[in-house]
Amino acid sequence: MSASVLYDAPGPKARRRNVIFFIVGALLIVALLAWIILTLAAPRISANGNETPGMFDASRWDIVSEPLLWEAFFQGVVNTLRMAAVAAFFALVIGIAFSFARTARSQWIRVPTAVLLEFFRGMPLLLMMLFIFLVFSTGSYWAGVAALAIYNGALIGEALRAGIASLPRGQKESGLAIGLTPVQTRVFIEFPQAFRQMLPIIIAQMVVLLKDTSLAYVVAYDELSRTIKNLQNFLGNNYLFTLFIIGLAIYLVINLTVSWIARFVARRSGPKLGSTTAAPPGAEGTTAISLPLRGGYGDDGSAV
Amino acid sequence: MDAIVESTPLYLEGFVETLKLLAISGVGAFVVGVLVAAMRISPIPTLRTFATVYTELLRNVPLLLVLFFCAFVLPLLGVGFDYFVLACIGLTAYTSPFVAEAVRSGFNGVPIGQAEAARSIGLNFGQTVSLVVLPQAVRMVIPPLINVFIALTKNTSVAGVFFVIELFGASNRAARDHSDAVILVLLYAALLYLVITVPLGLIAGAIEKKVAVLR
């Protein structure tokens, strides 16, 4: 529901009160920020009595003008994106394969796939990465790509299955009625609709995948997070804060951009949503969620 | 087989540590998340903006970086907790926006007529939310919330990278000690994670089915 239903349009009195709240709230937040910044800027005395300069001291930021630093960060970003792009492609392929196997007519395919999906979804990505790295000795890049692809593939497969399951029965029946084989019905009638319906979830999963490339840190793949750590080892603790802030800013720019694109695409494919399935009661009142509430893993962060 | 028997004590310790991380940061994330969700639907614009920025910021930073901040940068700023507490702080901060989003989407799932009806009989904002919308939203919030906690279970493994000997840390160590039986040792760890995540998933599914019938 839109928030405005919960309270009246403010009258003169409430508007005055809101202005006061606004000012008080803004002051509080500004004070909080100021406190954080001042605390960071203050020089501190370490346990052995040495004074270290504040976090915004010039001696901590002089590396910013160093081109080698930016080269290292650029390489980190390229490595992160390279892993994410390849893993996203394979995750999609694996997800589609899983969804077909999971909805197969034969029990001998369906049940083992369900168990396998449950297994892949239930264990931490980190453990899977380590497993592939140690057992198959693939090298850090392919260990990261393989683990990301399998894990996210399992999640996408489950989402697609939910999409196929949510289609009206008539779709399949009419497909069979005009003489398509069961496989043709699945491929040409059911799957395209399920895919379109689940597109927002799949794209949200891609954003998660991009974030999760940072876990390749553990197999010593030089992506963005590892770059921060490497630079810290190289330049010393004095620059850690600076390096962290730069890395954080880069992550935020990349992820916010991708999230924004994801949201844009989700909205573009939005009006088609729900045209094949009945909207749940009350859905007409929802403004903030574009994703279906049900259907396994969604935007609710389950796949983080 | 020896590897499994030998690593069992270490794994049990790690398992308990994982459960502790899950419980502490789960409760913490729930409290913070509900507060943030309440701020996001409140009539005061400053709080709304603050909550939105908080959510967007933390949702777009990888968990590894959050814990990196907690483990390496916070001590530099003079925060002298041990790694377990720091990991709890990081996991709480990272998970809370996801809790907030789950709660908010539950709110959005309540038919708008409910709030309109409550408003039209003269209830104010607090009454509308607490007496009419919230009780209905809770039912719909529980399954996605459990999914958030399943994700948190898996996410606790990242704390293992930052010197907390929980299940992932333990398995990492065991894999190093028993390099001849890496497959067994790691599958053992995966199984222990599944012991937590699968039942949670089943509960979520069961509740979801029940709610679907009720609606």
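Reminder, nothing fancy here: chain letters follow the sequence lines and each chain counts from 1.
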Please look at A:Leu248 and chain B and tell me whether the side chain, the backbone, both or neither of the residue comes under 4.5 angstrom of a heavy atom of that chain.
both
Should B:Arg139 and B:Glu208 count as an ion pair when the cut-off is N to O under 4.0 Å?
no
If one checks every heavy atom of B:Leu47 against chain A at 4.5 Å, the contacting part turns out to be neither
For A:Leu126, which atoms come within 4.5 Å of any heavy atom of chain B: side chain, backbone, both, or neither?
both
Can you tell me how the ring of A:Phe244 sits relative to the ring of B:Phe69, calling it parallel under 30°, perpendicular over 60° and tilted otherwise?
tilted
Which bit of B:Val61 comes within less than 4.5 Å of chain A, counting heavy atoms only: side chain, backbone, both or neither?
both
I'd like to verify something: which residue of B:Ile183, B:Asn124, B:Val161, B:Val182 has the highest number of heavy-atom pairs under 4.5 Å with chain A?
B:Ile183
Angle class for the B:Phe72/B:Phe162 ring planes (parallel below 30°, perpendicular above 60°, tilted otherwise)?
perpendicular
Using non-hydrogen atoms only, which part of B:Ala190 is less than 4.5 Å away from chain A: side chain, backbone, both, or neither?
both
Between B:Val158 and chain A, with a heavy-atom cut-off of 4.5 Å, which part of the residue counts as in contact: side chain, backbone, both or neither?
both
Contact origin within B:Ile146 toward chain A - heavy atom pairs under 4.5 Å
neither
Stepwise, does the salt bridge (charged side-chain N to carboxylate O under 4.0 Å, His left out) test hold for B:Glu56 with A:Arg263?
CA-CA 13 Å; B:Glu56 281 300 302; A:Arg263 231 170 278 174; 3.5 Å; yes
Side chain / backbone / both / neither for B:Ser157 at chain A, heavy atoms under 4.5 Å
both
Tell me yes or no: between the side chains of B:Ser96 and B:Tyr54, is some donor less than 3.5 Å from an acceptor?
yes
Can a side-chain donor-acceptor contact be found between B:Thr95 and B:Asn155 if the only test is distance below 3.5 angstrom?
no
Say whether A:Ser225 and A:Tyr251, considering side chains only, have a donor N or O and an acceptor N or O under 3.5 Å apart.
yes
Out of A:Ser259, A:Gly122, A:Ala26, A:Ala14, which one racks up the most heavy-atom pairs below 4.5 Å with chain B?
A:Gly122
Part of B:Thr197 within contact of chain A (heavy atom distance under 4.5 Å):
side chain
Would you please classify the geometry between the B:Phe163 ring and the B:Tyr83 ring as parallel, tilted or perpendicular, with 30° and 60° separating the classes?
tilted
